[in-house]
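When reading the values below, keep in mind they use all heavy atoms of this one structure, side chains included, and skip hydrogens, waters and symmetry mates. Proteins get letters first, then strands, A, B, ... in listed order; numbering begins at 1 in each.
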Protein chains: 2
Amino acid sequence: MSGAATILLVDDHAIVREGYRALLQQQPRLKVVAEASDGAEAYRLFKQVKPDLVIMDLTMPGFGGLEAIKRIRQWDPAARILVFTMHQNAAFAVQAIRAGAKGYVTKSSPPEALVRAAFDILQGKIALSADIDHELALSRVTETPVATDVLTPREFEILRLLLAEKSTEAIAAILGLSPKTVANTRYLIKAKLGVASDIALVLVALRQGILGAEGERDEIAPL
Amino acid sequence: MSGAATILLVDDHAIVREGYRALLQQQPRLKVVAEASDGAEAYRLFKQVKPDLVIMDLTMPGFGGLEAIKRIRQWDPAARILVFTMHQNAAFAVQAIRAGAKGYVTKSSPPEALVRAAFDILQGKIALSADIDHELALSRVTETPVATDVLTPREFEILRLLLAEKSTEAIAAILGLSPKTVANTRYLIKAKLGVASDIALVLVALRQGILGAEGERDEIAPL
DNA sequence: GCGCCTGCCGGGCAAATTGCCCGATTTTTG
DNA sequence: CAAAAATCGGGCAATTTGCCCGGCAGGCGC
């Protein structure tokens, strides 16, 4: 870190990247040296340019931010990654930090927050923006556990299929289980997440980031 | 429009506004003269500065973009509003245009698209970014009607309550109806939207923008 | 006025699903 | 190894769903 710190910028919106770059370039000690628009490209570029810091969004097409964080950290356990996203959501932050991110700043933060977080991380600190600090604190007191903590892998799997609009029977067929087992598990999931209806289930899943963080969208009709 | 066209920029993320302003200021014929961070502020500022063009995001805290568009257009039917949002979603675009927007550009578009759309609108044209063009075309052929078109007001009301995690019985109580009626209506809604499960219902509603466009989020614990 | 259509309200009833119990394996963990 | 947790699935009452029905009110054309 002799001269300026090198930065890899990852966001799927070119326009958005443009803005951040302008913002960051105002800092003489920061230098954006590469940009990527999805997780795969981010991983590839990271290995190539070895930036001092990665600033990236979570929600991207293809394989998303979380996956990219994990892969990058696997390749270089010392990688410093700052998540910069619109999601003011404790669950996302927890997942990101666990995946190996060193910071989480929301786009609602004042512009300085991003710059400050960048410097903090470069100095080895963990950086969270104020709103996420608050969300995390709240999630502590209200004790809404992140789904991945409370659900077993199998339950998680079934939940994912449910959110893909699969019926209980379809899931049974896919996993080679009795429909009864799936129905039971489905009940268990709802109990664990503390919801009563299917509708609440989807909404909770949304907030928890099970759905929505990655590109879930069922494929567009091929025409 | 003798000198540069005046622009009001509306987006809840200060950082994001920063970026767009930089982008727009590169055009000598465009001048950002005001910024707002939510619908109410946008409306207030519009009346005050009377910009030639409003560029705004849809999803914002407080009263959202759609509502702001309607109010601004009500106050000045000649107002030119360009929606600039991340939602690559035909239903959103339809609603925005119907509310009175003159253009709809997604943030995934190349940076030039925004500038071009701005000029197009200033010349009285309707501007849609290429991806939305495509989404709208698709939604035509696949004929997935916007929910507001196919649902009766009552049905819409019940759908909204369902999405607020109310049970069938709770809704019956709220609206003073028989639970049976609500159940029947619920069935009708699903039939009209062509979905089989509650889960699919929520997901479709999401895509249609019934939920999600405006800030739906149940209030944060007051502490 | 008289049909006619559409939206709204709700009964009825078979079929399916949910909610919640249970026990039997297998794996994980201390 | 012993305890705990996870996975799988049966059973069964209670509820809900899916789909039929008829009745009533309001708007619209004639």
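The phosphate of C:dC9 has neither OP1 nor OP2 within less than 4.0 Å of any side-chain N or O from B:T181. Taking 4.0 angstrom as the limit, A:T185 places none of its side-chain polar atoms (N or O) nearer than this to OP1 or OP2 of D:dC8.
At the heavy-atom level, A:S178 lies under 4.0 Å from the strands shown only through sugar-phosphate atoms. Within 4.0 Å of B:P179, counting heavy atoms only, lies no atom of the nucleic acid at all.
The two residues B:A170 and B:K166 make their nearest non-hydrogen contact at CB-CB, 4.3 Å. Taking each heavy atom of A:A200 and B:E165 in turn, the nearest pair found is CB-OE1, 3.4 Å.
When rounded to the nearest whole Å, the span between CG of B:L175 and P of C:dC9 equals 8 Å. Distance B:K192 NZ to D:dG18 C1': 17 Å, rounded to the nearest Å. Regarding A:I171, its CD1 atom lies at a distance of 15 Å from the C1' atom of D:dC8, rounded to whole Å. The nearest whole Å value for the distance from the CG atom in A:L177 to the P atom in D:dA6 is 17 Å. Between B:E157 atom CD and C:dC9 atom P the separation is 10 Å, expressed in whole Å. Taking atom CG of residue A:L159 and atom P of nucleotide D:dT7, one finds them 13 Å apart after rounding to whole Å. Rounded to whole Å, the distance from CG on B:L188 to P on C:dG10 is 14 Å. Atom pair B:I199:CD1 and D:dT17:C1' shows a separation of 15 Å (rounding to whole Å applied).
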Contact letters for nucleotides 13-30 of chain C, in which S counts primed atoms plus P, OP1 and OP2 and B counts the base, heavy atoms under 4.0 Å:
B----SBBB---------

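Under 4.0 Å is where a charged nitrogen must lie from a carboxylate oxygen, and between A:R71 and A:D76 no such pair does. Under a 4.0 Å N-O distance rule, the pair A:K107/B:D12 does not qualify as a salt bridge. With respect to the salt-bridge test (charged N to carboxylate O, under 4.0 angstrom), the residues A:D120 and A:K102 do not qualify.
Side-chain atoms of B:R154 lie closest to C:dC8 of the nucleotides D:dC8, D:dA6, C:dC8.
Residues B:Y104 and B:F92 keep their aromatic ring centres 6.0 Å or farther apart.
The residue from B:T185, B:I158, B:T181, B:V182 that alone fulfils the side chain to side chain contact (heavy atoms under 4.5 Å, CB included) condition with B:L175 is B:I158.
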